There are 2 protein chains.
Amino acid sequence: MKRKSKSQKVYDYIEELIISGEYKPGERLPSEAQLGETLKVSRVSVRAGIEKLSAIGLVHKKKGGGTYVNKPKNDNYLSVFTPTLLHNTDYLELMEIRRALDSLSVQLCTQNITEAGVRKLGKIIDRMEHLEEDDDFFELDKKFHLLVSKYSKNRFLHNIHLIIWDVLQKTLRPKYTKVTEPSAYDRVGSHKRIYEAIVHKDENLARIYTVHHLEKVIDTFKCEYNEAYQEAREKNQKKET
Amino acid sequence: MKRKSKSQKVYDYIEELIISGEYKPGERLPSEAQLGETLKVSRVSVRAGIEKLSAIGLVHKKKGGGTYVNKPKNDNYLSVFTPTLLHNTDYLELMEIRRALDSLSVQLCTQNITEAGVRKLGKIIDRMEHLEEDDDFFELDKKFHLLVSKYSKNRFLHNIHLIIWDVLQKTLRPKYTKVTEPSAYDRVGSHKRIYEAIVHKDENLARIYTVHHLEKVIDTFKCEYNEAYQEAREKNQKKET
DNA sequence: GGAAAAATGTTGTATTATAAGTTGTTTGTT
DNA sequence: AACAAACAACTTATAATACAACATTTTTCC
């Protein structure tokens, strides 16, 4: 099953090191030749991989200079949601956007959802209520909101949600349970309230519950935020030049 | 000033032909060798250019098969806003998203804007009011809303707006004046009302005016929409297989 | 006619070579 | 010592060629 191409191997390798913070914004990557040696692939494959990274705005190349990790401020706009940039404040910004977009998508969803769609949502709620380990809740949370956005029948909206959740999965997953643990009960109830509003075709109520739900998540995160922020500062101070 | 790289040349060339509809979704591109011959560049450069197109999800490659233009349904999610897909209904969907995002950004903008920012917005309003030719209104419209989103101090939000306006510029610019012509007076007034609400730090009013503004644009477009839809249908019928 | 096999076309990777830009060092002059 | 020019080393950009891996089309054979 190792059907991964060489260029993809390079791509994944570098992406991983950027996301993990091994390569920091502004820093220069090893030369193509070096990377090729490290990964045991030819320079052609290295270039192909880096080309992709540069296309989505994770890095940029300077002829004769080298390849550099992009800083957040660069608005090569395809990097709207490059995973690297998601720390603390960034996460809050993202949730603000979700508050706006989710309330729209739940509204449209209530208008357009089919009976089959309602059944699918119901199943997710059901699984949320009968959950043993906490590990799976992220998946269910994701599925629920993506299903809602799907039945909004707005393709762009759905795609944006796909991106957002992909980013959340990559960056937040590890600390997710921690973040939402205090409201372990509410998180199921929040979703159930939204679901029932959709069932009753009450788009206004669904929207209100969605906003409430997200504001609760934001609040919960803000409590953790101070901790995380402190940790980050300490870490940075250690590595200060 | 011909600082365009070979790979960029390839990228632009293919992108243009895809956007213009020369290469249609599902269609196979000429082989790398052929493209190289056409553009007088080596296969390496062709591959680099296509690599980028593939990274942002405009095309996909099949080893041994060829390179194909992606269909809209493919949710290789970086192609959220690939210009090609913007026709009629898509435009309405996009405006729905704007209604949600612009009301958020104008709200945040009102909270966070600086005095210098207010002055910049004022200048744009001023130029809107003293406009001779219609040609420039799109630029002013764009600048106004991007400035608002910039002062929302939410980087993701701003980036999404950058994408949206880039798409609008590429796809809608030609027929823009036509679409908004009926409301030639209102379009200045709409923006001015928003601006003044921002000046008076009334975020709620600013939000309401923004929603009104966008709903007006949507309505105006819906009138044109029927015409455009008819044209599209006729065109499709001609090319029916 | 249908299936197997061969031929052809296409992308993926490797190798080698050269051009062109960047950076740091050395050298030479004052 | 200070400064500038020249140089060397490194890096990305492009090119040309070759072959591998996979896909499609054509031919061959039964």
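Note that the structure is predicted; figures quoted are calculated from it, not measured. To find a chain, count down the sequence lines: A is the first, B the second, and so on, and within it residues start at 1.
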| query | Quick one: do B:E93 and A:K153 make a salt bridge, cutoff under 4.0 Å? | reply | no
Side-chain contact check for A:K6: nearest option of C:dA14, D:dA15, D:dT12 is C:dA14
Taken to the nearest whole Å, CG/B:L39 to C1'/D:dT14 is 14 Å
Rounded to whole Å, the CD-P distance (B:E51 to C:dT13) equals 9 Å
Side-chain N or O of B:R28 versus OP1/OP2 of C:dT10: is the shortest distance under 4.0 Å?
yes
d(B:H145 NE2, B:L214 CG) to nearest 0.5 Å is 6.5 Å
### Query
For A:K61 and D:dA13, is the shortest distance between a side-chain N/O and OP1 or OP2 below 4.0 Å?
yes
Contacts of B:K142 meeting side chain to side chain contact (heavy atoms under 4.5 Å, CB included) (sequence neighbours excluded), chain-then-number -> B:F138, B:E139, B:L146, B:W165, B:Q169
Picking from D:dA15, C:dA14, D:dA13, the nucleotide nearest the side-chain atoms of B:V41 would be D:dA15
Residue pair B:S149 / B:H158, side-chain donor-acceptor N/O under 3.5 Å | yes
The answer to which of A:G66 and B:G64 contacts DNA chain D further toward the 5' end, by nearest nucleotide, is A:G66
A:K63 atom NZ is separated from C:dA20 atom P, nearest whole Å, by 7 Å
Using only side-chain N and O atoms of B:K62, determine if any of them is under 4.0 Å from OP1 or OP2 of D:dA23.
no
A:L29 atom CG is separated from D:dT11 atom C1', nearest whole Å, by 13 Å
Assign each of A:S42 and B:G65 the nucleotide of DNA chain C bearing its closest heavy atom; nearer the 5' end lies the nucleotide of B:G65
**Prompt:** Does C:dG12 have OP1 or OP2 sitting under 4.0 Å from an N or O in the side chain of A:S7?
**Reply:** no
Rounded to whole Å, the CG-P distance (B:L35 to D:dA15) equals 14 Å
Assert: residue with more 5' nearest nucleotide on DNA chain C, out of A:K40 and A:Y68, is A:K40
*Under 4.5 Å between any side-chain heavy atoms of A:L53 and A:Y11, yes or no?*
yes
Residue set satisfying side chain to side chain contact (heavy atoms under 4.5 Å, CB included) with A:E37, at least two apart, ordered chain then number -> none
To the nearest angstrom, the CD-P distance between B:E32 and C:dG12 comes to 6 Å
B:E37 CD to D:dA15 P, in whole Å, measures 14 Å
Ordered by number, residues from residues 43-50 of chain B within less than 4.0 Å of DNA chain D (heavy atoms) are B:R43, B:V44, B:S45
- Query: Considering residues, nucleotides and ligands other than A:K150, do more than 12 of their heavy atoms fall under 6.0 Å from its NZ?
  - Reply: no
